[in-house]
Number of protein chains: 2
Amino acid sequence: MKIIDEKVNIDGIDKTILNHLMEDARKPILEIARNLGISGAAIHQRLRKLEKAGLIEGSKLVINPRVLGYTTLAFVGVYLDKAISNPQAVKKLREIPEVLECHYTTGNWSIFLKILCRDNEHLMKVLNMNIQAIEGVSRTETFISLDQQIQRQIKV
Amino acid sequence: MKIIDEKVNIDGIDKTILNHLMEDARKPILEIARNLGISGAAIHQRLRKLEKAGLIEGSKLVINPRVLGYTTLAFVGVYLDKAISNPQAVKKLREIPEVLECHYTTGNWSIFLKILCRDNEHLMKVLNMNIQAIEGVSRTETFISLDQQIQRQIKV
DNA sequence: ACTGAAATCGTTGCTGC
DNA sequence: GCAGCAACGATTTCAGT
């Protein structure tokens with residue numbers, strides 16, 4: 001766990017830089033620099049400041065899973081028998097590549113998952129063969145995403 | 001909607017390139033090239049092929065919302081009165097910056113959201129003032145993420 | 001906090017294997 | 001499908017103000 005003890009003071013220039021790069025992490029720094037009327041070096045200085053403050057975590061290439069044949073996105077609420085089995089369950093869940101997110105949540109479920117599968121048959125297999133097989137998992141409730149309408153990060 | 005009609009044939013070299021850049025979209029291409037023992041130009045050729053195939057959607061700078069004071073992540077199931085109001089509801093949801101994801105789902109809810117707020121008070125305000133205020137929204141069920149244990153993309 | 005300069009890298013297009 | 005090369009632009013760092 002990284003400790004963030006740096007004060008973050010973000011001005012409009014920082015926001016402009018971040019908003020550009022949040023859309024396209026490989027957008028040329030000099031292009032942003034020309035838009036802002038400052039030098040490329042100034043942008044780099046600000047980026048280093050924002051990294052040091054812990055605001056910038058990194059960058060990711062975003063792929064379209066449909067092209068790889070992954071078309072079924074689902075959310076799964078997991079009921080666990082006993083609280084003590086949670087960390088072991090998460091460890092097992094981490095070994096299932098279809099599990100993209102895993103949250104401890106308030107409410108009915110102990111654990112809440114986002115999983116991505118090739119199709120419904122694959123989803124059923126992952127649920128029955130992989131997730132239900134984990135010790136402590138008593139029951140699951142599955143919600144299939146028929147269509148995702150919004151996908152974004154928080155506005156800076 | 002982009003039409004993907006390209007056949008995708010991804011070999012081990014493509015996978016290596018993608019896995020590197022999915023971890024860090026700004027990782028130097030020449031560094032990857034040296035690891036693989038091929039030229040930088042060859043990597044660029046493959047990246048163009050993968051973009052043309054629609055597998056590469058883009059890249060994103062990933063920020064840590066906690067540094068901006070956003071600490072409460074929640075999932076919200078939304079009940080809508082009538083099916084006809086769904087597109088209008090989504091349109092309104094898009095105007096709420098705290099809404100990061102929005103899915104049409106199978107099961108009890110019409111719509112399922114991921115939302116990010118500064119704290120529980122802010123969450124309550126967004127639920128009561130913004131989401132419940134949307135025409136057609138009859139009820140919501142909220143699950144707060146106490147801790148996110150897994151966050152990743154599908155393995156290529 | 002920013003500029004300007006200098007070295008390295010990114011990117012494209014070419015020729016040839 | 002890849003190498004090697006060339007040309008131009010971008011990245012990155014650092015001294016200087």
Side-chain angles (χ1 to χ4, degrees), chain A residues 2-69 153 155-156, chain B residues 2-64 67-69 153 155-156:
Chain A
K2 190 189 285 183
I3 308 296
I4 311 296
D5 52 8
E6 204 76 29
K7 258 281 173 41
V8 218
N9 220 340
I10 298 168
D11 65 9
I13 295 178
D14 291 323
K15 288 186 183 179
T16 304
I17 297 167
L18 287 169
N19 281 323
H20 275 105
L21 294 176
M22 284 168 75
E23 288 294 314
D24 177 6
R26 293 191 80 102
K27 176 171 285 187
I29 305 291
L30 287 182
E31 192 180 320
I32 303 169
R34 281 189 293 266
N35 278 337
L36 286 167
I38 61 177
S39 68
I43 308 258
H44 281 282
Q45 277 182 20
R46 284 169 176 268
L47 285 172
R48 271 201 296 275
K49 178 194 72 178
L50 295 169
E51 275 170 18
K52 191 153 163 278
L55 178 55
I56 295 177
E57 291 212 321
S59 61
K60 291 194 189 312
L61 193 75
V62 181
I63 65 154
N64 181 354
R66 292 179 175 276
V67 177
L68 295 177
Q153 291 191 74
K155 187 87 177 52
V156 295
Chain B
K2 190 189 284 183
I3 306 298
I4 312 296
D5 52 6
E6 205 75 29
K7 257 280 171 43
V8 217
N9 219 340
I10 298 168
D11 64 10
I13 295 178
D14 291 323
K15 287 185 183 179
T16 304
I17 298 167
L18 287 170
N19 280 324
H20 275 106
L21 294 176
M22 282 168 76
E23 288 295 314
D24 176 6
R26 294 190 79 104
K27 177 169 286 188
I29 303 292
L30 286 182
E31 191 180 322
I32 303 169
R34 281 188 294 266
N35 278 338
L36 286 167
I38 61 176
S39 69
I43 308 258
H44 282 284
Q45 274 182 27
R46 284 169 176 270
L47 285 172
R48 273 200 296 274
K49 177 194 72 177
L50 295 169
E51 273 169 20
K52 192 153 161 279
L55 178 55
I56 295 177
E57 289 212 320
S59 61
K60 290 195 189 312
L61 194 74
V62 181
I63 65 155
N64 181 355
V67 177
L68 295 177
Q153 291 191 74
K155 186 87 177 51
V156 295

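Since we're looking at a predicted model, the values are computed, not measured. Numbers restart at 1 for each chain; the letters A, B, ... are given by sequence-line order, proteins then strands.
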Atom pairs, protein N/O to nucleotides 8-13 of chain C N/O, distance under 3.5 Å:
residue	atom	partner	partner atom	Å
C/dG10	OP1	B/Ile29	N	2.7
C/dG10	OP2	B/Leu30	N	3.1
C/dT11	OP2	A/Arg26	NH2	3.2
C/dT12	OP2	B/Arg48	NH1	3.0

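Side-chain contact between A/Asp11 and A/Arg46 is present, with at least one heavy-atom pair separated by less than 4.5 Å. For the pair A/Val156 and A/Leu55, the minimum side-chain heavy-atom distance is 4.5 Å or more. Side-chain atoms of B/Leu47 and B/Leu21, non-hydrogen and from C-beta on, do get closer than 4.5 Å to each other. For the pair A/Leu50/A/Asp14, a side-chain contact is recorded, criterion being any heavy-atom separation below 4.5 Å from C-beta on.
Close approach of DNA chain D to chain A, defined as any atom under 4.0 Å from a non-hydrogen atom of the protein, starts and stops at D/dA10 to D/dC14.
Rounding to the nearest 0.5 angstrom, the gap separating the NZ atom in B/Lys49 from the CD1 atom in B/Ile56 is 9.5 Å. Between the CD1 atom in B/Ile38 and the CD1 atom in B/Ile43 there is a gap of 4.0 Å [rounded to 0.5 Å]. Note: B/Lys155 NZ to B/Leu18 CG = 10.0 Å, rounded to the nearest 0.5 Å.
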